[in-house]
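Report on the structure given below.
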Amino acid sequence: MNNEVRVRFAPSPTGYLHLGSLRTALFNYLFARHHSGKFILRIEDTDQSRKVEGAVENLINILNEMGLNYNEGPGVGGEFGPYFQSERLDIYKKYCDELLASGHAYYAFETAEELDEMRKVQQMQGKQTMYDRRARVLTENEVKEKLASGIPYVIRLKVPMDTEIRFTDIIRGNVKIDTNLVDDQVLLKSDGFPTYHLANVIDDHFMKITHIIRGEEWLTSVPKHIILYNAFGWELPQMAHVPLILNPDKSKLSKRQGDVATEDYLKKGYLKEALLNFMTLLGWNPGDGEEKEIFTKAELIEKFTIERVNSAGAVFNVEKLNWMNGEYIKNYDIDALTELVIPYLNAGGIDTSDLVKTKRVVSAIKNYISKLDEAAEQAKVYYNEVILNAEQNAIVNSETSKQVFALLLSKIEQLLEISTDNFKPTLSEVQKESGVKGKNLFMPVRLALTGEEHGPELGLIAYVLGKDEVLKRLKVFL
RNA sequence: GGCGCGUUGGUGUAAUUGGUUAACACGCCGCCCUCUCAAGGCGGAGAGUACGGGUUCGAUCCCCGUACGCGCUACCA
């Protein structure tokens with residue numbers, strides 16, 4: 001139990017689940033399950049100015065919908081809560097005071113305007129913009145006075161000078177950064193809330209996180225965290241910074257260039273299994289020359305290791321997602337698929353009250369769609385009323401067409417039921433006996449049954465319509 | 001600008017960790033199937049591993065430099 005793996009997904013509630021976050025959550029989840037460890041959800045809601053109504057609920061819903069169930073966190077509890085940072089303010093305060101007392105942090109009183117001014121000057125001088133650590137020289141009495149007079153303050157980290165922080169990232173290997181380049185980060189804001197850095201370190205420690213798996217954008221702030229761990233005398237968890245997901249132009253995946261919210265993809269009819277499979281393979285592969293690409297969640301859990309996560313960013317390729325989603329649709333259990341497809345058919349104005357027919361339709365279209373929102377368009381042909389234009393009427397009313405219809409009719413009447421297999425042979429018989437073949441044979445039948453010149457193979461159409469409906473439609477043109 | 005990270009066909013990834021005709025998938029093109037649009041089957045083009053130097057009998061793989069891309073550089077996460 002002592003060596004139990006504990007990882008966390010710690011999003012700030014922005015209102016939707018970004019695909020990049022989804023993948024981070026996914027990697028954490030797979031890692032935890034692979035090691036029979038715990039997957040924890042912690043909400044990083046320390047930025048009061050960015051609060052979004054309902055964001056947390058939405059986040060939890062999507063996580064659950066995606067099947068990334070967490071062992072501890074909002075709603076499920078756990079012995080290391082609370083799991084909202086906004087409910088842990090007293091903890092941060094306490095440890096910040098400790099830092100102050102041990103000389104690892106200090107008070108600073110600059111206003112936002114003063115800091116802006118400072119940066120502007122630095123910029124003009126061509127210097128690096130960072131806090132000039134001016135408050136470090138304040139005497140104890142000066143600090144006391146300012147505090148007493150009620151001037152707003154922040155607490156900053158006292159970064160040790162002239163040294164180098166080295167650490168090992170599971171994905172990136174050894175990284176080193178000169179501390180002179182590390183900012184005296186604000187730890188506690190003037191509103192009493194902690195910044196990410198402070199809250200993160202404290203929470204990870206008390207929640208006994210063993211592995212920090214998060215986005216690459218955090219890599220450069222690791223030194224700040226290490227300084228904090230050292231100041232507290234706490235053991236550093238292992239770290240793995242996963243690569244970013246990119247737009248086709250290689251910039252960080254953004255709203256401007258398409259959908260980035262997981263819920264948008266779900267809405268369009270990407271199956272969660274496919275999305276999970278695809279996202280996992282973006283920047284990871286099982287190695288060993290494995291050529292398979294379709295994996296069940298259980299397989300992913302079994303094979304997943306963070307060591308094999310790539311270090312380079314990966315372009316999000318929707319085309320491939322479409323293909324993979326199509327594969328999942330083709331192989332999905334038909335009853336389950338039908339259930340999933342029904343809302344999309346209804347949205348397209350298709351009446352699905354006849355479940356038997358609906359299921360036939362779904363089995364007919366599943367090979368032809370790559371996402372569920374294409375279902376209605378594909379299914380339309382099976383619900384069409386047959387309305388023909390002049391040209392099409394001429395085809396249907398030709399001498400040979402009438403002959404074909406009559407023959408076909410008599411043969412179908414003898415069939416017990418039309419199946420996907422027996423319709424084509426029946427047509428072949430008609431061909432032999434009537435001498436009509438090719439387009440002259442098929443097109444009239446297609447038009448009579450669907451009113452369309454294009455569409456799926458006739459066997460499929462006849463099967464979906466069923467014997468009675470086929471007969472009915474043929475009789476119209478006799 | 002500074003610092004950090006990265007770089008294998010258009011895209012996602014392989015390559016028994018220094019010895020392969022650099023492989024697979026998506027996409028693209030062609031053929032077959034065929035009444036049509038697809039699907040499916042078969043095949044093809046496409047990288048000499050960003051570039052330049054090393055180390056080595058031998059580098060996709062190790063080292064250095066350059067270029068390019070991305071990230072960070074907030075009292076946001």
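Since we're looking at a predicted model, the values are computed, not measured.
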Review point. Got a donor-acceptor pair under 3.5 Å from the side chain of A:S311 to the base of B:C5?
Key: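 Donor-acceptor pair under 3.5 Å: no.
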
Check your understanding: Between the base of B:C35 and the side chain of A:R446, is there a donor-acceptor distance below 3.5 Å?
Key -> yes

Hey, what's the ring geometry for [X] with [Y], parallel, tilted or perpendicular (30° and 60° as the breaks)?
X      : Y      : answer
A:Y70  : A:F39  : perpendicular
A:H225 : A:Y196 : tilted
A:W284 : A:F304 : tilted

Could you tell me whether the phosphate oxygens of [N], OP1 or OP2, come under 4.0 Å of any side-chain nitrogen or oxygen in [X]?
X      : N     : answer
A:S49  : B:C76 : no
A:K250 : B:U7  : no
A:K366 : B:A39 : no
A:K189 : B:A77 : yes

Check your understanding: Under 4.0 angstrom, heavy atoms only, what part of the nucleic acid is A:K127 near: base, sugar-phosphate, or nothing?
Key ->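 The answer is nothing, as A:K127 stays clear of every strand by at least 4.0 Å.
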
Check your understanding: If you look at every strand shown and take non-hydrogen atoms under 4.0 Å, does A:E453 touch a base, only sugar-phosphate, or nothing?
Key ->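 A:E453: base contact, heavy atoms under 4.0 Å.
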
Which atom pair, heavy atoms only, marks the closest approach of [X] to [Y]?
X      : Y      : value
A:E293 : A:K320 : OE2-NZ, 2.8 Å
A:V182 : A:I177 : CG2-CG2, 4.1 Å
A:Y16  : A:N58  : CA-OD1, 3.7 Å
A:V396 : A:P444 : CG2-O, 4.1 Å

**Study point:** For B:U49, the Watson-Crick or wobble partner whose two distances fall under 3.5 Å
**Key:** none

**Study point:** B/S/- contact track for nucleotides 15-21 of chain B, protein heavy atom under 4.0 Å
**Key:** S------

Review point. On RNA chain B, nearest-nucleotide positions of A:E216 versus A:G126: which is more 5'?
Key: A:G126

Review point. Does A:E293 or A:I171 map to a spot on RNA chain B nearer the 5' end, using the closest nucleotide for each?
Key: A:I171

Practice item. Under 4.0 Å from any atom of RNA chain B, heavy atoms only: list the residues of residues 431-439 of chain A that qualify, in numerical order. Key: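 Result for residues 431-439 of chain A: A:G438, A:K439, sorted by number.
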
Point to revise | Side-chain donor or acceptor of A:D183 paired with backbone N/O of A:Q185 under 3.5 Å | key: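 Side chain of A:D183 to backbone of A:Q185, a donor-acceptor pair under 3.5 Å: no, none is there.
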
Review point. Has A:W323 got its ring stacked on B:C26, by the test of a centre gap below 5.5 Å and a plane angle below 30°?
Key: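 Base of B:C26: not stacked against A:W323.
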
Practice item. Determine, step by step, whether A:L138 and A:F109 satisfy the side-chain contact (heavy atoms from CB on, under 4.5 Å) criterion, reporting the C-alpha distance in whole Å, the side-chain angles of both residues, the deciding distance to 0.1 Å, and the verdict. Key: CA-CA 10 Å; A:L138 257 34; A:F109 301 89; 3.8 Å; yes

